[in-house]
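Structure first, commentary second.
By convention in this document, chain letters (A, B, ...) are assigned in the order of the sequence lines, proteins followed by strands, and residues within each chain are numbered from 1.
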2 protein chains.
Amino acid sequence: MNILVCDDDKEIVEAIKIYLENEGYKVFKAANGLEALKAVEENEMHLVIMDIMMPGLDGLRATVRIREDKNIPVIMLSAKSEDTDKIMGLNMGADDYITKPFNPLELIARVKSQLRRYTTLGSLETKGHIYKTGGLVIDDESKAVTVDGEEVNLTPVQYKILKLLTANAGRVYSIDEIYEKVWKETAFSAENTVAVHIRRIREKIEINPKEPKYLKVVWGIGYKVEKI
Amino acid sequence: MNILVCDDDKEIVEAIKIYLENEGYKVFKAANGLEALKAVEENEMHLVIMDIMMPGLDGLRATVRIREDKNIPVIMLSAKSEDTDKIMGLNMGADDYITKPFNPLELIARVKSQLRRYTTLGSLETKGHIYKTGGLVIDDESKAVTVDGEEVNLTPVQYKILKLLTANAGRVYSIDEIYEKVWKETAFSAENTVAVHIRRIREKIEINPKEPKYLKVVWGIGYKVEKI
DNA sequence: TATTATTCTTAAGAACTTCTTAAGCTTAAC
DNA sequence: GTTAAGCTTAAGAAGTTCTTAAGAATAATA
């Protein structure tokens, strides 16, 4: 498997290269967007890891260009300080992203996950999954959520939370875990944010929010979506 | 869980130690990079908190060395005055970092977050285990407990006790042992707390709490869940 | 810029859990 | 058969977690 690592910081590229080679991947390097495009042209690449901030052609633009004619998974790298939402918004072409400083294990896990998806689904297959439990259906491709056939309109944060829980129906997530997975930041205040979003989601997907059928609390632990 | 705290400033080490011990972690100390390497060699460490500026082998180099053969999460400590971006760039081996002076709550949150990440990513998507004995089934992923197919609703403490006993069905645990494992504190006995929880659990999982089928007392020793 | 939608914060109270106390019961040992 | 120690049980006080509403802050849209 060939992986292209693109970042203007040579140390980072080198470090990532070591981790990936350790897992048996062949690694190609690029220092900016143009080099990345060239590398993808010239070699059969199976995955690209791309920094966002780079001189010349930046990572977002390069990703769009790569995606124009190739179907290669792209994982974005971004500094934690950059505005997450903005990245997410612009980030349409990418399949996943990781914030710096990152955990090498996490990087490997995400790389494997992307390669798995692309090889098992076949590269023509759309990446949108459909998640279901009972009458609750989430179509990740169209971002449509339906309950017993009725379409429900969720806001972005609400959608991410519900998707996380539904994709892993049955598993209990603590509030901190939800916060970390959805916001991609370490949860650290004893804030009530997640709870409020849970409330709003219930309002929309549950017939009776007081006796939720899908989105249940597990006292003292967290929340889960019932596996039905 | 064992955590190594490495800093040449003894006061900081001591302060961090207190916070961490308060959360139930076992804390090891090191005053410089070499001591840290030695500590990691000699003991099974689950996480390292490492200052960057230290005499002798500094934190960055020590981290790289630790990472060469161990897969332990490392959280860097750095003074706010040091150039954040530079740290980030150099910081490839680390998983997270905290600037001094830091908020103890934040430190704890980040420690927990890293340990969580490593335990869920490290062991290949740890699916919660299922523990069974006779008709009693505990699904640790969904925290669901069923007796002969009937779902039973346990509180967090009740759940932890029952899980401990069921996961080790047949083994007898003294009240003090149960207390220590579940509360992560040294039992200071004379209290009746565990007994009361046992009562409540029986009420929920036993058909006739007076003649328990699963959760049995071993007179003068403790309690066990019958291995069936 | 004004308007609207979304997200976050706050705070009060409801729901639930945990701990303590104390009395009654059972077992083991003398 | 009496006693001491260990276990069971009930009830309520204290503490924690969850829910909910309302408004402030922020972002998106016109």
Side-chain angles (χ1 to χ4, degrees), chain A residues 82-92 143 145 152-162 165 172-180 182-185 187-206 208-224, chain B residues 143 145 152-163 165 172-179 182-185 187-206 208-225:
Chain A
E82 297 170 41
D83 182 350
T84 309
D85 279 334
K86 197 164 174 186
I87 292 164
M88 299 263 287
L90 290 165
N91 204 2
M92 293 311 298
K143 311 290 178 207
V145 177
V152 163
N153 217 331
L154 298 185
T155 67
V157 173
Q158 289 163 13
Y159 180 84
K160 281 182 215 156
I161 293 174
L162 188 61
L165 298 181
V172 183
Y173 284 83
S174 73
I175 287 180
D176 282 358
E177 269 181 292
I178 293 173
Y179 196 87
E180 279 175 24
V182 171
W183 279 261
K184 308 220 175 207
E185 276 172 35
F188 111 79
S189 44
E191 297 301 344
N192 195 23
T193 315
V194 173
V196 174
H197 285 292
I198 293 285
R199 166 86 225 292
R200 288 273 143 77
I201 296 171
R202 277 182 179 154
E203 217 163 55
K204 291 178 178 175
I205 69 165
E206 301 285 1
N208 176 7
K210 304 235 179 203
E211 280 178 38
K213 182 180 162 193
Y214 300 110
L215 213 178
K216 299 209 169 163
V217 66
V218 180
W219 254 83
I221 315 255
Y223 296 94
K224 69 173 172 184
Chain B
K143 310 290 176 205
V145 176
V152 162
N153 217 331
L154 297 185
T155 68
V157 172
Q158 289 162 14
Y159 181 85
K160 281 182 211 154
I161 293 174
L162 188 62
K163 179 179 144 192
L165 297 181
V172 183
Y173 284 84
S174 74
I175 287 181
D176 282 358
E177 267 182 294
I178 293 173
Y179 196 85
V182 171
W183 279 262
K184 308 206 175 192
E185 276 172 35
F188 177 32
S189 217
E191 296 299 347
N192 194 26
T193 315
V194 173
V196 173
H197 285 293
I198 294 286
R199 166 83 227 292
R200 287 273 143 78
I201 296 170
R202 279 182 177 151
E203 213 165 57
K204 290 178 178 177
I205 69 166
E206 302 285 2
N208 176 8
K210 305 237 180 201
E211 280 179 37
K213 181 179 162 193
Y214 299 110
L215 213 178
K216 300 208 168 165
V217 66
V218 181
W219 256 83
I221 317 257
Y223 297 93
K224 69 171 174 183
V225 159

Show me the donor-acceptor pairs within less than 3.5 Å that the side chains of residues 211-218 of chain A make with the rest of the protein, sequence neighbours left out.
unit_1	atom_1	unit_2	atom_2	d
A:Y214	OH	A:G135	N	3.1
A:K216	NZ	A:E226	OE1	3.3

Protein-nucleotide distance ([X], atom [atom1]; [N], atom [atom2]), rounded to Å:
X	N	atom1	atom2	value
A:H197	C:dA5	NE2	C1'	13 Å
A:K216	C:dA15	NZ	C1'	17 Å
B:K204	C:dT18	NZ	C1'	12 Å
A:I201	C:dC8	CD1	P	12 Å
B:K143	C:dT17	NZ	P	16 Å
A:N208	D:dT19	CG	P	13 Å
B:K224	D:dC7	NZ	P	14 Å
A:E206	D:dT19	CD	P	11 Å

Taking only the side-chain nitrogens and oxygens of [X], find out if one of them lies under 4.0 Å from OP1 or OP2 of [N].
X	N	result
B:T193	C:dT20	yes
A:W183	C:dC8	yes
A:T155	C:dA5	no

Please identify each residue that fulfils side-chain contact (heavy atoms from CB on, under 4.5 Å) with [X], with sequence neighbours left out.
X	answer
A:I175	A:V194, A:Y223
A:K204	A:V152, A:L154, A:T155, A:Q158
A:E180	A:T186, B:S113, B:R116

Heavy atoms from other residues, nucleotides or ligands near CG of A:N153 exceed 12 (cutoff 6.0 Å): no
Degree of bending, the helix from C:dT1-D:dA30 to C:dC30-D:dG1 (end axes from five pairs; round to 10°): 30°
Close side-chain approach of B:H197 to B:R200, heavy-atom, < 4.5 Å: no
For A:V172 against A:E177, the heavy-atom pair lying closest together: O-OE1, 4.2 Å
For A:G220 against B:P156, the heavy-atom pair lying closest together: CA-CG, 3.9 Å
Within the sub-3.5 Å range, which N or O atoms of nucleotides 8-18 of chain D have a protein N or O partner, and how far apart are they?
unit_1	atom_1	unit_2	atom_2	d
D:dT8	OP1	B:R202	NH1	2.7
D:dT8	OP1	B:R202	NH2	3.2
D:dT8	OP2	B:Y223	OH	2.6
D:dT9	OP2	B:R199	NE	3.2
D:dT9	O4	B:N192	ND2	2.8
D:dA10	OP2	B:R199	NH1	2.6
D:dA10	OP2	B:R199	NH2	3.1
D:dC18	OP1	A:G220	N	3.2

Interatomic spacing from CD in B:E206 to CZ in B:R199 - rounded to 0.5 Å: 11.5 Å
